[in-house]
K.L.:
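One structure, as C-alpha cells, below. Some questions next.
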Amino acid sequence: MLYRQVVETLTHGQVLARFGHALSDPVRARLLLALSEGPGYPAELADLLGTSRQNLSNHLACLRGCGLVVAVPEGRRSRYELADARLAHALGDLLGLVLAVDPAACPSTETAGCC
C-alpha cells in the first residue's frame, strides 16, 4: 500500500487563523511557549504544564494539525518541537506587545467568546 502525504498551501489569512486557534486555548499557548524553549517529550511536557497525558496528547494533535509542531520519532518515543524556529521568535514578539484592554468592550468573555 502506497502512503502519500498531502501538503496544503495556505493563504496568509489561513496561517494566521491557525496560529490564532492554537493560541486561543491556555494549555496550547503554554505548550507552544514551552516548546519555544526547546524540544520536549509528552510525559515531561504534561508534568510541566500540570495536565494529563491524554489532554496533552489532544493538544499536541491539534498543534500538529495546525502545522505548528512536529513529532520526531526516537525509537519508541517521539520528541515534539516547533515546526519552524521562527515560531519561537514570533511568540517572543507577541509576549512583548503591550495591549490596551477595554473591559467594557467584552463584559462577559466566558459567554461571548470575544477576548
Side-chain angles (χ1 to χ4, degrees):
M1 178 165 112
L2 179 64
Y3 175 75
R4 199 169 54 171
Q5 184 176 6
V6 177
V7 176
E8 183 180 349
T9 303
L10 302 175
T11 66
H12 290 139
Q14 290 170 315
V15 169
L16 288 176
R18 285 177 182 238
F19 195 56
H21 174 72
L23 293 175
S24 70
D25 181 271
V27 173
R28 285 195 302 268
R30 290 177 32 232
L31 179 54
L32 285 170
L33 289 172
L35 292 175
S36 72
E37 298 293 323
Y41 297 94
E44 295 164 359
L45 291 166
D47 290 343
L48 176 70
L49 300 178
T51 190
S52 70
R53 292 180 186 187
Q54 181 60 48
N55 188 33
L56 185 87
S57 177
N58 292 338
H59 287 298
L60 285 169
C62 176
L63 293 174
R64 281 194 323 269
C66 287
L68 299 175
V69 302
V70 294
V72 179
E74 289 186 345
R76 300 176 103 183
R77 297 172 51 171
S78 289
R79 181 186 75 233
Y80 285 83
E81 58 190 48
L82 295 177
D84 188 316
R86 292 176 290 183
L87 286 169
H89 184 66
L91 289 165
D93 286 347
L94 285 173
L95 289 175
L97 292 175
V98 176
L99 302 179
V101 178
D102 180 1
C106 283
S108 178
T109 59
E110 290 182 18
T111 58
C114 175
C115 43

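Just so it is clear, the model here is predicted, and its values are computed rather than measured. One-based numbering along the sequence shown.
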K.L.:
For residues L32 and L23, report the shortest heavy-atom separation together with the two atoms involved.
P.N.:
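That would be CD1-CD2, 3.8 Å.
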K.L.:
Taking all heavy atoms of V27 and all of L49, pick out the closest pair and write down the distance.
P.N.:
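The pair with the smallest heavy-atom distance is O-CD1, 4.2 Å.
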K.L.:
Do the side chains of P42 and L60 get nearer than 4.5 Å, heavy atoms only?
P.N.:
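When only atoms from C-beta onward are counted, P42 and L60 do touch, with a gap below 4.5 Å.
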K.L.:
What is the minimum heavy-atom distance between P73 and A71, and which atoms define it?
P.N.:
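Closest approach of P73 to A71: CD-O, 3.6 Å.
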K.L.:
State, to 0.1 Å, how close A83 and G67 come at their nearest heavy-atom pair, and which atoms those are.
P.N.:
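It is CB-O, 3.4 Å.
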K.L.:
Which pair of heavy atoms, one from L31 and one from H59, lies closest together, and at what distance?
P.N.:
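That would be CD2-CB, 4.2 Å.
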K.L.:
Here's a test for you: under side chain to side chain contact (heavy atoms under 4.5 Å, CB included), which of L68, V70, D25 qualifies with L63?
P.N.:
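That would be L68.
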K.L.:
Of all the heavy-atom pairs spanning A22 and R28, show the shortest one and how long it is.
P.N.:
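Heavy-atom minimum between the residues: O-CB, 3.1 Å.
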K.L.:
To the nearest 0.5 Å, tell me how far E44 CD sits from L56 CG.
P.N.:
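These two atoms lie 11.0 Å from each other.
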K.L.:
side-chain contact (heavy atoms from CB on, under 4.5 Å) with A34: which residues, sequence neighbours excluded?
P.N.:
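Partners of A34 under the side-chain contact (heavy atoms from CB on, under 4.5 Å) test: L45, L48.
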K.L.:
Tabulate below the donor-acceptor pairs under 3.5 Å that side-chain atoms of residues 86-99 make, not counting sequence neighbours, or state none.
P.N.:
residue : atom : partner : partner atom : Å
R86     : NE   : D84     : OD1          : 3.1
R86     : NE   : D84     : OD2          : 3.2
R86     : NH2  : D84     : OD2          : 2.6
H89     : NE2  : D93     : OD2          : 3.4

K.L.:
Whether the side chain of R18 engages the backbone of G65 through a donor-acceptor N/O pair (distance < 3.5 Å, no angle test) should be reported.
P.N.:
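Judged by distance alone, yes, a pair lies under 3.5 Å.
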